[in-house]
Amino acid sequence: MRVRQNRDPPRTERKFVHVDEQLHERVREVIASVPAGKVATYGDIATVAGAPSPRMIGRILAEDGHDLPWHRILRANGTPAPHLAHRQLELLRAEGVLADGQKINLRRYRWQQ
DNA sequence: TAAGTGACCTATA
DNA sequence: CTATAGGCCACTT
């Protein structure tokens, strides 16, 4: 349970500040709850957090994902977002999540199937 | 107001 | 495996 700690700059000074702050926060929580060695898809996060669309997850991560385990989030087919692929697979490998080429075996590593 | 743009998804061919 | 097609939704142009 995470109750807004020292996360700066203050919300009021961020670029995207508004109504869905609540959802935004919930999404962060869900992502943070994915354990090391496991992965989840954008869709998984959206469903669990109640986000209207998986696209929102990527958007939130791009804006506010620096302090989250963003590398544990994959696309529905097990591959990472193209522009991050190299780095992401590297981080996953470091926690024992091995890729077959660019693809991760979701059957094996997915969190809460 | 309309069209373009994403760390996306599912279905079909 | 690749390629479309349509849907998704907040945001920018």
Side-chain angles (χ1 to χ4, degrees):
Chain A
M1 183 71 123
R2 181 172 141 52
V3 188
R4 182 175 316 285
Q5 300 186 5
N6 52 339
R7 194 142 63 70
D8 44 359
R11 270 299 201 235
T12 54
E13 292 181 15
R14 293 180 147 268
K15 193 174 181 186
F16 302 95
V17 186
H18 37 314
V19 271
D20 358 24
E21 158 142 355
Q22 224 207 28
L23 168 65
H24 191 114
E25 200 63 34
R26 225 162 43 238
V27 169
R28 289 182 51 84
E29 285 229 5
V30 175
I31 293 174
S33 73
V34 178
K38 289 288 177 186
V39 301
T41 69
Y42 291 91
D44 290 343
I45 303 299
T47 299
V48 175
S53 156
R55 280 196 180 281
M56 296 273 61
I57 310 306
R59 208 178 76 78
I60 290 171
L61 278 179
E63 178 210 341
D64 202 22
H66 50 286
D67 60 339
L68 291 174
W70 57 271
H71 58 284
R72 305 210 258 257
I73 310 304
L74 301 168
R75 301 198 279 185
N77 64 359
T79 63
H83 65 289
L84 293 167
H86 187 76
R87 173 95 174 107
Q88 184 160 8
L89 293 177
E90 206 170 57
L91 290 170
L92 285 174
R93 189 170 62 245
E95 12 184 274
V97 178
L98 307 178
D100 169 29
Q102 290 275 290
K103 186 181 278 182
I104 301 289
N105 184 332
L106 293 180
R107 289 288 167 91
R108 183 155 71 190
Y109 298 110
R110 193 178 206 163
W111 181 61
Q112 283 188 352
Q113 204 136 30

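Both backbone and side-chain heavy atoms feed into the values below; hydrogens, waters and symmetry mates do not. Keep in mind that what you see is a predicted model, and the values were worked out from it rather than measured. Every chain is numbered from 1, with letters handed out A, B, ... down the list of sequences.
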Exercise. State, yes or no, whether a side-chain contact exists between L68(A) and I73(A) at a heavy-atom distance under 4.5 Å.
Key: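 The answer is no, as the side chains (C-beta and beyond) never meet within the 4.5 Å cut-off.
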Exercise. Walk me through it: do L84(A) and W70(A) pass the test side-chain contact (heavy atoms from CB on, under 4.5 Å)?
Key: CA-CA 10 Å; L84(A) 293 167; W70(A) 57 271; 4.2 Å; yes
Rounded to whole angstroms, how far apart are [atom1] on [X] and [atom2] on [N]?
| X | N | atom1 | atom2 | answer |
| --- | --- | --- | --- | --- |
| E63(A) | dC9(C) | CD | C1' | 15 Å |
| D20(A) | dA10(C) | CG | P | 7 Å |
| L89(A) | dA7(B) | CG | P | 17 Å |
| L68(A) | dA7(B) | CG | C1' | 13 Å |
| M56(A) | dG6(B) | CE | P | 14 Å |
| R59(A) | dC9(C) | CZ | P | 13 Å |

Quiz item: By side-chain hydrogen bond (donor to acceptor under 3.5 Å, both in side chains), which residues pair with N77(A), not counting sequence neighbours?
Solution: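 Scan of N77(A) (side-chain hydrogen bond (donor to acceptor under 3.5 Å, both in side chains), adjacent residues dropped) gives T79(A).
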Quiz item: Among pairs that include at least one residue of residues 75-90 of chain A, which meet salt bridge (Lys or Arg N to Asp or Glu O under 4.0 Å), considering only residues two or more places apart or in two chains?
Solution: R87(A)-E90(A)
Donor-acceptor contacts under 3.5 Å from residues 40-48 of chain A side chains, at least two apart:
unit_1	atom_1	unit_2	atom_2	d
T41(A)	OG1	G43(A)	N	3.3
T41(A)	OG1	D44(A)	N	2.9
T41(A)	OG1	D44(A)	OD1	3.2
T41(A)	OG1	D44(A)	OD2	3.3
D44(A)	OD1	R110(A)	NH2	3.0
D44(A)	OD2	T41(A)	N	3.1
D44(A)	OD2	R110(A)	NE	2.9
D44(A)	OD2	R110(A)	NH2	3.3
T47(A)	OG1	G43(A)	O	2.9

Self-check item: Derivation and outcome, side-chain contact (heavy atoms from CB on, under 4.5 Å), residues I31(A) and I60(A)
Solution: CA-CA 11 Å; I31(A) 293 174; I60(A) 290 171; 5.7 Å; no
Practice problem: For dA7(B) and dG7(C), measure between their P atoms and round to the nearest Å. | Solution: 22 Å
Quiz item: Expressed as a whole number of Å, how far does the C1' atom of dC8(C) sit from that of dG6(B)?
Solution: 12 Å
Quiz item: R26(A) and side-chain contact (heavy atoms from CB on, under 4.5 Å): which partner among Q22(A), H24(A), R28(A)?
Solution: Q22(A)
Pairs under 3.5 Å (N/O, protein and nucleotides 9-13 of chain B):
unit_1	atom_1	unit_2	atom_2	d
dC9(B)	OP1	G43(A)	N	3.3
dC9(B)	OP1	A76(A)	N	3.4
dC9(B)	OP2	A76(A)	N	3.0

Self-check item: Transitive ILVMFWY side-chain link V30(A) to L23(A), under 4.5 Å
Solution: yes
Expected list for residues 93-104 of chain A: side-chain donor-acceptor pairs under 3.5 angstrom, two or more places apart:
unit_1	atom_1	unit_2	atom_2	d
E95(A)	OE1	G37(A)	N	3.1
E95(A)	OE1	R72(A)	NH1	3.0
E95(A)	OE2	H71(A)	NE2	3.1
E95(A)	OE2	R72(A)	NH1	2.6

Quiz prompt | For DNA chain B, the residues among residues 96-104 of chain A that have a non-hydrogen atom under 4.0 Å from it | solution =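 When residues 96-104 of chain A is checked for heavy atoms under 4.0 Å from DNA chain B, there are no hits whatsoever.
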